[in-house]
Amino acid sequence: MTSGSAPTGTPRPLVRTRFAPSPTGYLHIGGAWTAFFNWLHTRHQGGVFILRIEDTDRSRSTQAYEAALLEDFRWLGITWDEGPDVGGPVGPYRQTERAHLYAEYAQALRDRDAAYPCYCTPEELDAERRQADAAHRPHRYSGRCRDLSPVQRAAFEAQGRRPSLRLRVTSLSEPIVIHDIIRGPVVFEPEHLDDYIIVRSDGSPLYNFANVVDDHLMNVTVVIRASEHLSNTPKQFVMYQALGWAPPAVAHLPVILGADRKKLSKRHGDTAVREYRDRGFLPEAILNFFALMAWHPESEREVYALDELIGGFRLEAVGRASPIFDLDKLTWLNGVYMRRLIEQDQERVVDLCAQILQREGLLAGPPAGEQRRYLSRVIEVVGDRLKVGRDIVAYGDFFFREVEHDPAASVRYLTPAAAPLLAAYADALAALDPFDAKTIEAALRRVCAEAGVDARALIHPARVALTGKTTGPGLFELTELLGRERGLRRLRRAAEEAAKSPTA
RNA sequence: GGCCCCAUCGUCUAGGGGACCAGGACGCGGCCCUCUCAAGGCCGAAACGGGGGUUCGAAUCCCCCUGGGGCCA
């Protein structure tokens, strides 16, 4: 920034957004997507993105999950400017460390009589609800504690009752209109609101209260969150009024659905970002894929660099309909990025595959030296079959362990007719010099020509012999990499097996 | 059950009154390439949920219905 430049006119208010996860599990695809749209909008506007930890549910929140959350965001490349680890001017950034603030504003509301203590027991409230149900009326709190006298309150206290705190919702006849950036005006009739609890009898604040206090104190200017919170918005709107604060702008994103059109959950398979990481997905592919749900950048392309996404992002243009999570498309996109990476930054692919191979028990530890070069060659040979990291196992496991013949492949190709061909081929390879893809191919074709058979009659059995499968990398390349010794052993073993195989 | 949201190919989407007998992508099918599988190339099937309006004209605007979803209970 140039120090000499004079500011002109009113300074543009800085955009401040936040993502506020609960550390009760691993980062969810839906949460990551929501955070990403927050992040895109903020980076587009040159604003500040805040990470706030909503850990008020102490029974389910853990430090381990919080650490995992931060780790997953870092892995994705979603960075925050203020948060529990980096701090910031409006901290702390963990709700459990902000208890004094909720207490302070709860007291302020009480002092102003905008909130009142409610002594109803769960049983009494339950009875109210059942009555409403029986009468087929929507249940709202009766408000029986709304106008208790000091004497009545003292009497309840004397009984040992601990009050919760309820917001006195001034029942205006005016509808509440939320101007949602994505959805436009959304109207809520006030009679559906009741005096809701903002602090439990144990003193812990409820979501709609803590959230409002935090967003306001953290100067959040736009709340971008999933539309499952849309019905909470009028409650919060009333809260802002009670506190005398101006509410932030809101934008409600649609909810990501599974193939059955239900909210994406564990039933649909992997929903944690971490699981995709473990399967060998690339963060840049995931973000690119995220950008294609409920939004689409400019042109008729699917692949976008991150700075293009930031440059072109428009919150108002985000779709209102819920997208279905399409794993096929993510996998395809990951393949696009993987192929590019093999060309441009193979070391990253090596690291990715190494981790997966270790987890599968196919590598003892992080590969170094000769082993690393070998893995690198395996990746080249597997080539564009590698769409996700895990494919290294599906296509290249035989490079790291003994072959196991797939039964169906064995029945089909390791036949008595193939046995002499495999044996002859093994003999030919034994004498080969040099031992490379080119000479290997020539040797195979020679064996077939001498036997008067099509090359396929040997190629397919040889692949099964060497890899155990009917699909995979080119036979000659993989044979070269496997090496003469292992190649001969596998071919001869397969030749024996084929000779003993019953004729079809 | 109450409140709210949503609706273009199977899926992600473009489109915002005439440019649309609706474009792109994934997936699917066929062909080419080829030692298989991928990748790549070419071709193809595939959608405006229904009904009323408004308008000279509606995928686009309005209403109703239907369907789906979310929240609360």
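All heavy atoms count here, side chains included; hydrogens, waters and symmetry mates do not.
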Assign [X] to base, sugar-phosphate, or nothing according to its heavy-atom contacts below 4.0 angstrom with the strands shown.
X	value
E477(A)	base
L292(A)	sugar-phosphate
R463(A)	base
V382(A)	nothing
P254(A)	nothing
D328(A)	sugar-phosphate
R301(A)	nothing
A321(A)	sugar-phosphate
R445(A)	sugar-phosphate
F289(A)	nothing
K387(A)	sugar-phosphate

Could you tell me how far [M] sits from [N] if I compare only their [atom1] atoms? Round to whole Å.
N	M	atom1	answer
rG23(B)	rA38(B)	C1'	29 Å
rG16(B)	rG10(B)	C1'	26 Å
rC4(B)	rC64(B)	P	12 Å
rG1(B)	rA47(B)	C1'	35 Å
rA46(B)	rC12(B)	C1'	15 Å
rU60(B)	rC26(B)	P	28 Å
rG52(B)	rA58(B)	C1'	14 Å
rC31(B)	rC37(B)	P	12 Å

Exceeds 12 heavy-atom contacts within 6.0 angstrom, atom [atom1] of [X]:
X	atom1	answer
E298(A)	CD	yes
E485(A)	CD	no
E275(A)	CD	yes
E189(A)	CD	yes
R412(A)	CZ	no

[N] - base-pair partner by Watson-Crick or wobble geometry, distances under 3.5 Å:
N	answer
rA14(B)	none
rA22(B)	none
rC71(B)	rG2(B)
rC37(B)	none
rG44(B)	rC28(B)
rA7(B)	rU66(B)

**Asked** Which is the 5'-most and which the 3'-most nucleotide of RNA chain B that has an atom under 4.0 Å from a heavy atom of chain A?
**Response**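 Boundary nucleotides touching chain A, in 5' to 3' order, are rC3(B) to rA73(B).
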**Given RNA chain B, 5'-ward residue of the pair S231(A) and T471(A), judged by closest heavy atom** =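 Nearer the 5' end of the strand: T471(A).
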**Message:** If you assign each of H229(A) and W295(A) to its closest nucleotide in RNA chain B, which residue comes earlier from the 5' end?
**Reply:**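 Closest to the 5' end, via its nearest nucleotide, is W295(A).
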**Request:** Would you kindly check if the NZ (Lys) or CZ (Arg) of K329(A) is within the cone defined by 45 degrees around the ring axis of F289(A) and under 6.0 Å from the six-membered ring centre?
**Result:**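 Checked: cation-pi criterion not met.
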**Request:** Show your working on side chain to side chain donor-acceptor pair (under 3.5 Å) between Y207(A) and N232(A) and close with a plain yes or no.
**Result:** CA-CA 10 Å; Y207(A) 170 81; N232(A) 279 324; 5.1 Å; no
**Request:** Check the angle between the aromatic planes of Y276(A) and F325(A) and answer parallel, tilted or perpendicular using the 30° and 60° thresholds.
**Result:**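 Ring orientation of Y276(A) relative to F325(A): perpendicular.
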**Prompt:** Which residues satisfy the side chain to side chain contact (heavy atoms under 4.5 Å, CB included) test with P407(A), sequence neighbours excluded?
**Reply:**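 Checked P407(A) against side chain to side chain contact (heavy atoms under 4.5 Å, CB included); zero matches.
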